[in-house]
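Here, residue 1 is the first one in the sequence, and each next residue gets the next number.
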Amino acid sequence: MTREVALKLGCSRMLVLGSSALVTIALPILFALPSAPLEAQTVAAPEPKPESQMAPGRKMTFDVVSVRPSRDDAPFKQNVALDALDAFPPTGGLFTANSQLSSYIIFAYKIIDTSQYSSLTAQLPKWAQTDRFDIEARAEGNPTKDQMRLMMQSLLADRFKLALHMETRQLPVYALVLNKAGKLGPQLKPHPDDVSCPATPSPHPAGPAPAPFCGALLMWPVNGQWHARMMNLTMEQIAHHLNTPVGTGWGGLDHRPIVDQTGLSGKFDFDIEFTPETNRNSPSRPAADAQPEVFGPTFLDALKDQLGLKLVKQTAPVQVFVIDHVERPTEN
């Protein structure tokens, strides 16, 4: 399954959107919202940051590794979320998954910009775009998720002969900026220092809304609208996470990177409610005695009114991943 967006629907009909192809447990739902006029201006983008995980001297490896082709009918499995998020961390040193090579690359190099996924996949040979691979590996101790990413980088280089580099290119982006200077929306609040939240969701939420959960974009339906929440994230992380909803059509926008230009420091929580355009343009006819349906704001209107943010078109330097070499792995 090609990773274009990260979707995970739980039994509570909650969507967890990240940047990895997580298993779809319930009905997949995509939105298409209308394109609202965007103010175009030139904003100085920050200097691209070097990828620390690619720095010399950071090599880490698994102690035991097994790589083999996955059967076409093999059920999906992963004990660590193959995404660029900090949520769903590993428990212990075991790694097991069966996925396409692109998912392993995105996990290993923590590529959170979903606008790069299609171009990254297009650089791979056909077998790497379609075939899945079972990878089972083990490391001593209790490595963090970022440490396991470094181990996966070494595994990909060793078994798939993967070589890649990063280039800085001037690309069209959306700048995430404050709608009014110095003013936050009512639903965007600094995360309290004395409030913590788990890195994994509760398997038994008390109601339709998920329990407090950090490190991912959560979504669930509320009376025909959708509710989205992020907790304890920097504005840079929030901007990156919004790449996924913009890319899946929430705002009817181009699929381009989103960069933080708010100038806000610290970590924030946000809640937002909006009505997907699919609900507004439903072809079904209401009953003659039905009450007129009331629609909530569009995604872009909610972004502005509830969070005090807006998206601005600009061109900025963006770091992109370039595949130099890859080979089909030999079986163990």
Side-chain angles (χ1 to χ4, degrees), residues 1-10 16 18-25 51 53-54 58-112 117 120-121 123-164 198-201 203 215-216 321 323-332:
M1 178 173 61
T2 302
R3 272 187 78 293
E4 292 296 336
V5 295
L7 294 174
K8 184 173 183 178
L9 286 81
V16 180
S19 49
S20 168
L22 302 182
V23 61
T24 301
I25 302 176
E51 175 54 66
Q53 293 185 10
M54 300 178 69
R58 296 293 305 279
K59 185 177 178 64
M60 299 183 69
T61 60
F62 289 106
D63 297 309
V64 181
V65 173
S66 171
V67 179
R68 57 173 58 90
S70 178
R71 302 191 321 271
D72 291 340
D73 61 346
F76 175 88
K77 67 176 182 179
Q78 64 180 37
N79 72 329
V80 178
L82 299 181
D83 56 28
L85 303 176
D86 295 326
F88 302 100
T91 55
L94 177 65
F95 177 95
T96 178
N98 65 338
S99 191
Q100 293 175 330
L101 179 57
S102 58
S103 292
Y104 293 123
I105 295 174
I106 288 164
F107 167 74
Y109 290 93
K110 207 170 184 176
I111 308 175
I112 200 168
Y117 292 170
L120 180 72
T121 301
Q123 297 178 60
L124 297 170
K126 291 296 184 182
W127 61 264
Q129 297 183 29
T130 57
D131 296 356
R132 289 186 297 158
F133 295 91
D134 279 300
I135 296 182
E136 294 187 2
R138 183 175 291 277
E140 290 186 2
N142 190 26
T144 66
K145 194 170 183 179
D146 280 345
Q147 289 173 332
M148 201 164 274
R149 296 184 201 278
L150 296 173
M151 297 175 189
M152 180 58 66
Q153 289 182 25
S154 299
L155 186 157
L156 295 176
D158 179 50
R159 299 301 299 272
F160 291 82
K161 309 304 178 187
L162 176 68
L164 52 75
T200 55
F321 285 78
I323 305 293
D324 299 312
H325 183 79
V326 67
E327 296 179 10
R328 184 188 292 271
T330 57
E331 285 198 60
N332 303 311

Look up atom [atom1] in [X] and atom [atom2] in [Y], then write down how far apart they are to the nearest 0.5 Å.
{"X": "I135", "Y": "Q78", "atom1": "CD1", "atom2": "CD", "answer": "12.0 Å"}
{"X": "I106", "Y": "L120", "atom1": "CD1", "atom2": "CG", "answer": "5.5 Å"}
{"X": "Q100", "Y": "T130", "atom1": "CD", "atom2": "OG1", "answer": "7.0 Å"}
{"X": "R149", "Y": "D83", "atom1": "CZ", "atom2": "CG", "answer": "6.5 Å"}
{"X": "F62", "Y": "R138", "atom1": "CZ", "atom2": "CZ", "answer": "10.5 Å"}
{"X": "N98", "Y": "R68", "atom1": "CG", "atom2": "CZ", "answer": "11.5 Å"}

Under the 3.5 angstrom rule, does the side chain of [X] hit a backbone N or O of [Y] as a donor-acceptor pair?
{"X": "R159", "Y": "T330", "value": "yes"}
{"X": "E136", "Y": "T96", "value": "no"}
{"X": "E327", "Y": "K161", "value": "no"}

Problem set entry | Over 12 foreign heavy atoms within 6.0 Å of CG, D72 | no
Problem set entry | Test log, rule ring-ring contact (aromatic ring centres under 6.0 Å, His included), inputs Y104 and F133 | CA-CA 10 Å; Y104 293 123; F133 295 91; 7.8 Å; no
Minimal non-hydrogen separation, [X] against [Y], with atom names:
{"X": "M60", "Y": "S154", "value": "O-OG, 2.6 Å"}
{"X": "A81", "Y": "F107", "value": "O-CD1, 3.6 Å"}
{"X": "A108", "Y": "L156", "value": "CB-CD1, 4.0 Å"}
{"X": "K145", "Y": "V80", "value": "CE-CG1, 4.1 Å"}
{"X": "P143", "Y": "P90", "value": "O-CG, 3.5 Å"}

Just wondering, do [Y] and [X] contact through their side chains at under 4.5 Å, heavy atoms?
{"X": "Y109", "Y": "M152", "answer": "no"}
{"X": "V65", "Y": "D158", "answer": "no"}
{"X": "V326", "Y": "L164", "answer": "no"}
{"X": "Q147", "Y": "N142", "answer": "no"}

Exercise. Can you list the steps and then say if D134 with K77 is a side-chain contact (heavy atoms from CB on, under 4.5 Å)?
Worked result: CA-CA 9 Å; D134 279 300; K77 67 176 182 179; 3.2 Å; yes
Problem set entry | Chi angles and distances behind the side-chain contact (heavy atoms from CB on, under 4.5 Å) call for L101, D131 | CA-CA 8 Å; L101 179 57; D131 296 356; over 6 Å; no
Exercise. Hey, mind stepping through M151 and T61 against side-chain contact (heavy atoms from CB on, under 4.5 Å) and telling me if it holds?
Worked result: CA-CA 4 Å; M151 297 175 189; T61 60; 5.7 Å; no
